[in-house]
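Here the structure is laid out as structure tokens; the discussion comes afterwards.
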Amino acid sequence: EQFLMRSLRQKEDAFGGAHPETATTICNLARLYSATSRTVQAEELFRKALTLHEESLGEDHIKVAVDLFNYAEFLQSIFRLEEAEPLLRRAISIWQKTLGANHPHVVIAKGLLASNFRRRGVVNLAEIYDREAEAANTSVSGETHPLTIHRRNNLVLTVIMLGKLEEARQILAANWRVNAPPHANTTPRIAFLRHLIARLESQPNTGFLGLLTGTGLESRVYAARTA
């Protein structure tokens, strides 16, 4: 924090309070405050950095997209999901125009937006963004890349929530086949998702949310929904 504060003062002295370099340091300080649970200070600085970059660089600049994403990620971390959604949509739009639809920034933002929708129960929209993120990761990194497997696991949870158990089982089977070292760290999550499918198939009238109640699965599903 002391380093960032010193850097901020130096940039304000050298460039002025409204310069893009100053705004970037303000955003970095906001991220530090967010990571240390100082949410009031963090939000104030996220807003300030975004405003400064918009005013100095224009609303569609790539650095504005970075601010939008960081602010949205912060809002999502404190459960202000509806407020995070339009920021993520703007960030995705800017990055797609400037970097391309398959760029990692776009994929990560789509994954976060899918998580946003899963947590709010808007599962049909979560499915759209999960599928787009998985397809982009597969196109760029290949079928066996750990991030591709991660995106597929997120898609599995979404289609489970939609009741598409056969498709979920097929995706998991594909992930299981490619999930050999050095990707073995994803195996527990695949096993958990397979267990969830089996539970739903054995209790078809219970439903997704009914299955979770009182089973001890709630916390694990919540962690998966927010991944």
Side-chain angles (χ1 to χ4, degrees), residues 31 59-77 81 84-194 196-197 221 223-227:
R31 294 179 67 188
E59 293 188 352
D60 293 328
H61 194 276
I62 193 169
K63 286 191 175 182
V64 171
V66 173
D67 289 337
L68 289 165
F69 178 85
N70 286 333
Y71 187 17
E73 189 176 40
F74 162 74
L75 290 173
Q76 202 146 309
S77 74
L81 304 175
E85 178 190 342
L87 302 181
L88 284 171
R89 287 186 181 275
R90 274 190 65 195
I92 290 168
S93 177
I94 294 169
W95 276 332
Q96 284 188 149
K97 291 175 184 176
T98 55
L99 301 174
N102 288 344
H103 191 277
H105 288 355
V106 176
V107 175
I108 291 169
K110 285 183 175 181
L112 190 62
L113 186 54
S115 171
N116 182 302
F117 286 130
R118 272 197 303 275
R119 292 168 68 180
R120 290 159 59 190
V122 191
V123 191
N124 59 321
L125 292 181
E127 181 184 19
I128 292 171
Y129 287 99
D130 271 331
R131 289 190 187 279
E132 290 181 359
E134 186 274 333
N137 244 129
T138 301
S139 174
V140 172
S141 303
E143 295 270 345
T144 63
H145 193 277
L147 287 177
T148 301
I149 294 171
H150 174 72
R151 297 295 170 204
R152 283 210 198 98
N153 286 341
N154 287 343
L155 176 59
V156 167
L157 181 61
T158 297
V159 298
I160 289 173
M161 293 174 71
L162 288 167
K164 301 178 181 180
L165 301 186
E166 179 58 32
E167 181 182 5
R169 186 164 46 246
Q170 291 173 1
I171 298 171
L172 279 179
N175 265 7
W176 195 272
R177 284 195 298 272
V178 302
N179 194 63
H183 310 316
N185 62 317
T186 61
T187 300
R189 192 170 186 221
I190 294 176
F192 162 64
L193 290 169
R194 293 178 74 177
L196 188 58
I197 292 172
V221 170
R225 287 173 71 175
T226 58

Check [X] against [Y] and note the closest heavy-atom contact, atom names and distance.
X: Val106; Y: Trp95; result: CG2-CB, 3.6 Å
X: Ala133; Y: Val107; result: O-CG1, 3.7 Å
X: Ile92; Y: Ala109; result: CG1-CB, 3.5 Å
X: Ala91; Y: Ala65; result: CB-O, 3.7 Å
X: Ala72; Y: Ala84; result: O-CB, 3.5 Å
X: Val64; Y: Arg90; result: CG1-NH2, 3.8 Å

Report the C-alpha separation of Ser141 and Leu147 in whole Å, then their side-chain angles, then the decisive distance to 0.1 Å, and conclude whether the side-chain contact (heavy atoms from CB on, under 4.5 Å) test is met.
CA-CA 8 Å; Ser141 303; Leu147 287 177; 5.7 Å; no
Nearest 0.5 angstrom please: [X] [atom1] to [Y] [atom2], how far?
X: Ser115; Y: Leu81; atom1: OG; atom2: CG; value: 8.0 Å
X: Glu132; Y: Leu155; atom1: CD; atom2: CG; value: 11.5 Å
X: Asn153; Y: Leu157; atom1: CG; atom2: CG; value: 9.5 Å
X: Leu113; Y: Leu88; atom1: CG; atom2: CG; value: 5.5 Å
X: Met161; Y: Asn124; atom1: CE; atom2: CG; value: 11.0 Å
X: His105; Y: Ile62; atom1: NE2; atom2: CD1; value: 6.0 Å

Carboxylate-amine/guanidinium contact Glu143 Arg152, below 4.0 Å
yes
Arg31 CZ: over 12 foreign heavy atoms closer than 6.0 Å
no
Quiz question: by atom type and distance under 3.5 Å, do the side chains of Glu85 and Asn116 form a donor-acceptor pair?
no
Ser77 and Glu73 side chains, donor-acceptor separation under 3.5 Å
no
Stepwise, does the side-chain contact (heavy atoms from CB on, under 4.5 Å) test hold for Leu112 with Phe69?
CA-CA 9 Å; Leu112 190 62; Phe69 178 85; 3.8 Å; yes
Looking at Glu134, is its backbone amide N or carbonyl O close enough to the side chain of Thr138 to form a donor-acceptor pair, meaning the two atoms are under 3.5 Å apart?
yes
Can you tell which of Glu127, Lys164, Arg118 makes a side-chain hydrogen bond (donor to acceptor under 3.5 Å, both in side chains) with Thr158?
Arg118
Asn137/Lys110 under side-chain contact (heavy atoms from CB on, under 4.5 Å): CA gap, chis, key distance, verdict:
CA-CA 11 Å; Asn137 244 129; Lys110 285 183 175 181; over 6 Å; no
